[in-house]
Number of protein chains: 4
Amino acid sequence: MARALSTEKRTLIMEQAKKLFGEAGFAATSVSDVATACELPVGSIYTYFTNKEELVRAIVEEGWNDLRARLHEALATEESIEEKLELLVGTFFPELLADSDLITILLSEAVEFTGLEEKINELVELFEGILMPLIRSRPQFEEYRRSNLEAALMVYFLGTLEAVRITRASSLNVKPEDIIGFLRMTIQNVLGLKLNN
Amino acid sequence: MARALSTEKRTLIMEQAKKLFGEAGFAATSVSDVATACELPVGSIYTYFTNKEELVRAIVEEGWNDLRARLHEALATEESIEEKLELLVGTFFPELLADSDLITILLSEAVEFTGLEEKINELVELFEGILMPLIRSRPQFEEYRRSNLEAALMVYFLGTLEAVRITRASSLNVKPEDIIGFLRMTIQNVLGLKLNN
Amino acid sequence: MARALSTEKRTLIMEQAKKLFGEAGFAATSVSDVATACELPVGSIYTYFTNKEELVRAIVEEGWNDLRARLHEALATEESIEEKLELLVGTFFPELLADSDLITILLSEAVEFTGLEEKINELVELFEGILMPLIRSRPQFEEYRRSNLEAALMVYFLGTLEAVRITRASSLNVKPEDIIGFLRMTIQNVLGLKLNN
Amino acid sequence: MARALSTEKRTLIMEQAKKLFGEAGFAATSVSDVATACELPVGSIYTYFTNKEELVRAIVEEGWNDLRARLHEALATEESIEEKLELLVGTFFPELLADSDLITILLSEAVEFTGLEEKINELVELFEGILMPLIRSRPQFEEYRRSNLEAALMVYFLGTLEAVRITRASSLNVKPEDIIGFLRMTIQNVLGLKLNN
DNA sequence: TATGAATGAGACTTCATTCAT
DNA sequence: TATGAATGAAGTCTCATTCAT
């Protein structure tokens, strides 16, 4: 039998590519760059990925699936709205924000191969599902219901991601913790809930 | 005597390039593409701009300066916080959001040539300047002061821009008006101000 | 003891390769394409054939040998010139023309690996052998004898093959039957023989 | 003003490419090979031709157009069928057959980019136009009319071209003159005309 | 100043063949 | 014997920029 496709090699390629795409950008990183970083011949990249696009797609998809899987698993164990929101703000977002390469890739050029749109949609729907009972039960949220909860959630999510990307390689002194802090505060103030960190 | 460089040509180049960069992306648009769109020889691009980078830089800089100039001029005529905020939310942002090419360019790939960071900083500082008196005067905003007003503003601004970019070529049914609506509502609720549209 | 190479597999490979080489061309068909069409691993191709060239060679050689064997066998049972020619025109050529993949391979690119030249020579000699008695016996064929019977036969044979190849994937409404019809008519008119279909 | 596209360079590229495509085949000749033969950088090939396909296309088209133009011009000055046929057989075909690179290219792999089909069609129609009056006037050609004059002409034309191609790099002692001789003899015998060389 | 052909590095990708398993 | 991952040379093409005219 021939050598089996090496999971390690595949992982190595994805790691190195993610780093390079994140740091230098998708367009600015050549397949050769990736190969060099892996100390692998160029051809090998193509035994693991059909082409450059598939490579980004795989990076994003596997990164996101991983995050989502852990989120849904954790979510299943929590009952109250507060606990669920705390999970998002206390665990999911910190994890996501720590992965600035993934964020940069999600946000930049390759939107077409990256499906940012659908990922955001997913989060929006998840959040809506969590918040709906609350919103329905309180008349003062009427306005949110009528107006665009969707727009609001997009702004918060995308703003959070962008803030991390921009902040990253710049002199700005805003840190992921600050952003998480803001999100937590907003949830508490706007929804009138008390999260217990 | 040498003829002066034609302002018209320069403007034409910037317009066409902005359109192409916005629609297809900076990396995916060649200098020749720009020349073709202008019905101008490639060489001409280089008599007006040192290189491709300078061209984006100019597009972003002039677009932004224009926006900023009009904003500051208008701001000078308004006195109250409410009026100033209304100006931002009722005029500045709608104008900015209408320019989806500029937004796409600001946000994508070319961050390095684009100075998104400093533009956001500028807005943040402007906003802080407007809000500071209010925040100082009301103890319940204490929390905002300590925590990250900066982070908050970045999330709102960048989220707004990203939402427009993502929404643009996608099936999402969120529209610029919805986003503006959300911003206005947020200002009113969070700051306890009444904007009169 | 080592298992013998499977004849079935070898045949399968040759069939699929012939189809692909015929349809898409030798250069445009990769060894992997062949393997895929066979639902066989690439390596298998190389246990049956030294390399891609040997594969074409084998396809052509075996296809041709088969045709020739049947022709010679049949020819042995026929006595008269008329019967022999009828065999060629009524059986051999129709069979050959039905195999458009073989024809395409014989004629295209890979002439070097294909030995078209010698195949044509073979046919020419066979034909000359059949016709010589006739030609010698009739003074009006003098001209043919002096001039180039060889050239004539090459034109007829190669023209027939090319016509089938060209006709194949095109809008031309010439069909193999038409070509056979033309050959039969020509034999009758030029040689003054009556073939009885 | 910039340098004008050099006709000489374009011609040089076409000449070298024609030679290489003719000798080694289209697939076996790389664009780099062409560039090297021209002592030109690879990029330059692409300032004169969109891609490799366009290059063959241009070679074939210009070669064929040239031939055709001269043929039609000459044809216009001839009145009788005999003179017209003599022109074809005495001038056009010899010229075409002398250009074995063109013939090889026309016949091999690149049929798709080469339009052999339409070229043959053109010749067939031209010939039919010349012969029709003759055929209509003589009852013994009835058979030709019903059956496939088209098939016949295709076999003669394609056979002629193929014979030259095959003959070319092989040990066969059939020469273009022999083929032309055969064609002339056939015309005289079949049509009962006397061509005066 | 204006032009656009010229350049050549470098991008992505394919593929025949080998060889570890 | 069977497998199919590994390889790396080579192929086609693009493109920012220069510079002869």
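Protein chains get the first letters and strands the later ones, always in sequence-line order, with residue 1 at the start of each.
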Do the side chain of Lys9(D) and the main chain of Cys38(D) share a donor and acceptor less than 3.5 angstrom apart?
-> no

Specify the separation, in whole Å, of atom [atom1] of [X] and atom [atom2] of [N].
X        : N      : atom1 : atom2 : value
Glu39(C) : dA2(F) : CD    : C1'   : 17 Å
Arg10(B) : dT1(E) : CZ    : P     : 15 Å
Glu8(B)  : dT1(E) : CD    : P     : 18 Å

Please check the phosphate of dT7(E) (OP1 and OP2 only) for any side-chain N or O of Ser44(D) closer than 4.0 Å.
-> yes

Ignoring backbone atoms, test whether Lys9(B) places a side-chain nitrogen or oxygen under 4.0 Å from the OP1 or OP2 oxygen of dT1(E).
-> no

Take Val42(C) and Ser6(D), find for each the nucleotide of DNA chain E with the closest heavy atom, and name the residue whose nucleotide sits nearer the 5' end.
-> Ser6(D)

Sequence-distant partners of Glu118(D), side-chain contact (heavy atoms from CB on, under 4.5 Å), two or more places apart = Glu61(D)

Return the residues of residues 45-56 of chain A meeting this criterion: a heavy atom under 4.0 Å from some atom of DNA chain E. Order them by number, or give none.
-> Tyr46(A), Asn51(A), Lys52(A)

Between residues 17-29 of chain B and DNA chain E, which residues have a heavy-atom gap below 4.0 Å?
-> none

Which pair of heavy atoms, one from [X] and one from [Y], lies closest together, and at what distance?
X         : Y         : answer
Ala17(B)  : Leu55(B)  : CB-CD2, 3.9 Å
Ile103(D) : Leu161(D) : CG2-O, 3.4 Å
Met14(A)  : Ala58(A)  : CE-O, 3.5 Å
Lys19(D)  : Asp101(D) : CA-OD2, 3.7 Å
Leu116(B) : Leu158(B) : CD2-CD2, 4.1 Å

Note: for Leu40(C) and Asp33(D) on DNA chain F, the residue whose nearest nucleotide lies more 5' is Leu40(C)

Of Pro41(C) and Gly43(D), the one whose closest nucleotide on DNA chain F sits nearer the 5' end is Pro41(C)

Whenever both distances are under 3.5 Å in a Watson-Crick or G-U wobble pair, mark it; put DNA chain F into dot-bracket that way, with [ ] for crossing pairs and | when the partner is on another strand.
-> .||||||||||||||||||||

Could you go step by step and tell me if Arg10(C) and Phe49(C) meet the side-chain contact (heavy atoms from CB on, under 4.5 Å) rule?
-> CA-CA 9 Å; Arg10(C) 197 186 129 94; Phe49(C) 302 92; 3.6 Å; yes

Return a table of donor-acceptor pairs under 3.5 angstrom between the side chains of residues 24-33 of chain C and protein atoms on other chains or two or more places apart.
unit_1, atom_1, unit_2, atom_2, d
Thr29(C), OG1, Leu20(C), O, 3.3
Thr29(C), OG1, Gly25(C), O, 2.8
Ser30(C), OG, Ser32(C), N, 3.4
Ser30(C), OG, Asp33(C), N, 3.0
Ser30(C), OG, Asp33(C), OD1, 3.3
Ser30(C), OG, Asp33(C), OD2, 3.3
Asp33(C), OD2, Ser30(C), N, 3.0

What residue among Arg168(C), Arg165(C), Glu23(C), Lys18(C) forms side-chain hydrogen bond (donor to acceptor under 3.5 Å, both in side chains) with Thr104(C)?
-> Arg168(C)

Indicate every side-chain donor-acceptor pair of residues 41-48 of chain D with a distance under 3.5 Å to a residue at least two apart or in another chain.
unit_1, atom_1, unit_2, atom_2, d
Thr47(D), OG1, Ser44(D), O, 3.2
Tyr48(D), OH, Ser6(D), N, 3.1

